[in-house]
Amino acid sequence: MAFLMKSMLSNQVKNLGLGGGGEESKEESTPSDPAAAAGMTREEYEEYQKQMVEEKMERDAAFAQKKAERACLRVHLREKYRLPKSELDENQIQMAGDDVGLPEDLQKMVAEDQEEEEDKDSILGQLQNIQNMDMDAIKEKAQATFTEIKQAAEQKCSVM
């Protein structure tokens, strides 16, 4: 904040033509050592750099893991719906290693979907669908079809 105020005031003084710019050039000359520029000793600066590199590696590893989990989900969906495979997804999974799997919440969702599909495919699932049908609508449709066939037959047959 002090730096901002000083730079704003010194720029205004320069614009007025009153001088005051000579001493500023001495202060603004940056030291060649980055540790001194950051206000740290050389050892503190090196330790700080190591921490930054380690944190970046951890973030990159977590990001790669998440990308691999997403790729695993896409592969699963492609298998489920019989879609063509993607080499990009397979490469992401290989880069992350063998410990990649679906997250627990997604595994639960997949398991529920599989159970629902198995129920629908079974005979009991089909029987339940029959119970949910509107029998009155089916009867009306059948009767309408029967009367149409009967009328068509009467028009074609002279005996009826």
Side-chain angles (χ1 to χ4, degrees), residues 1-12 14-15 21 24-146 148-149:
M1 184 71 172
F3 173 74
L4 182 63
M5 292 297 290
K6 185 176 180 180
S7 66
M8 288 175 56
L9 290 176
S10 66
N11 287 339
Q12 295 298 328
K14 285 181 190 177
N15 291 341
E24 191 173 340
S25 63
K26 293 177 187 175
E27 290 177 0
E28 286 188 17
S29 62
T30 57
S32 62
D33 188 21
M40 299 181 215
T41 64
R42 182 59 132 170
E43 293 82 24
E44 289 174 340
Y45 186 73
E46 288 175 2
E47 183 65 29
Y48 173 74
Q49 288 297 327
K50 286 180 186 178
Q51 288 177 351
M52 294 297 288
V53 169
E54 289 174 2
E55 288 175 4
K56 184 180 183 327
M57 290 174 58
E58 289 174 8
R59 285 192 311 269
D60 290 344
F63 181 68
Q65 181 71 21
K66 289 288 184 185
K67 282 176 66 174
E69 287 176 357
R70 291 184 201 117
C72 186
L73 177 64
R74 287 191 298 269
V75 166
H76 174 75
L77 290 174
R78 282 190 177 100
E79 288 174 359
K80 179 179 178 181
Y81 295 109
R82 296 180 184 101
L83 298 173
K85 294 182 179 181
S86 171
E87 290 184 26
L88 179 64
D89 290 341
E90 293 173 5
N91 291 341
Q92 287 178 351
I93 293 172
Q94 288 176 356
M95 287 173 46
D98 293 334
D99 59 341
V100 177
L102 292 176
E104 290 181 24
D105 54 345
L106 292 176
Q107 286 178 351
K108 290 177 185 176
M109 290 172 55
V110 168
E112 289 173 2
D113 287 345
Q114 287 177 347
E115 289 175 7
E116 288 177 10
E117 287 180 14
E118 288 173 1
D119 288 344
K120 288 179 183 177
D121 291 340
S122 70
I123 295 174
L124 293 176
Q126 295 298 327
L127 290 175
Q128 288 176 351
N129 286 340
I130 290 174
Q131 290 175 353
N132 295 335
M133 294 175 132
D134 186 15
M135 294 304 283
D136 294 332
I138 294 173
K139 285 179 184 178
E140 289 175 10
K141 208 177 213 184
Q143 287 176 349
T145 305
F146 180 73
E148 287 177 14
I149 293 173

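Start at 1 with the first residue, then count along the sequence.
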Visitor: What residues form a side-chain hydrogen bond (donor to acceptor under 3.5 Å, both in side chains) with Gln49, not counting sequence neighbours?
Guide: Tyr45
Visitor: Tell me which pairs pass salt bridge (Lys or Arg N to Asp or Glu O under 4.0 Å) where either residue lies in residues 39-54, with sequence neighbours left out.
Guide: Asp33-Arg42
Visitor: Among residues at least two apart in sequence or on other chains, which ones pass side chain to side chain contact (heavy atoms under 4.5 Å, CB included) with Met52?
Guide: Tyr48, Glu55
Visitor: Quick one: list whatever passes side chain to side chain contact (heavy atoms under 4.5 Å, CB included) with Glu148, sequence neighbours left out.
Guide: none
Visitor: More than 12 heavy atoms of other residues, nucleotides or ligands under 6.0 Å from CD of Glu87: is that the case?
Guide: no
Visitor: Restricting to salt bridge (Lys or Arg N to Asp or Glu O under 4.0 Å), what partner residues turn up for Lys56, sequence neighbours left out?
Guide: Asp60
Visitor: May I have the list of side-chain donor-acceptor pairs in residues 64-84 shorter than 3.5 Å, sequence neighbours left out?
Guide:
from, atom 1, to, atom 2, distance (Å)
Arg74, NE, Asp89, OD1, 3.0
Arg74, NE, Asp89, OD2, 3.3
Arg74, NH2, Asp89, OD1, 2.8
Arg74, NH2, Gln92, OE1, 3.4
Arg78, NE, Pro84, O, 3.3
Arg78, NH1, Asp89, OD2, 2.4
Lys80, NZ, Glu117, OE2, 3.4

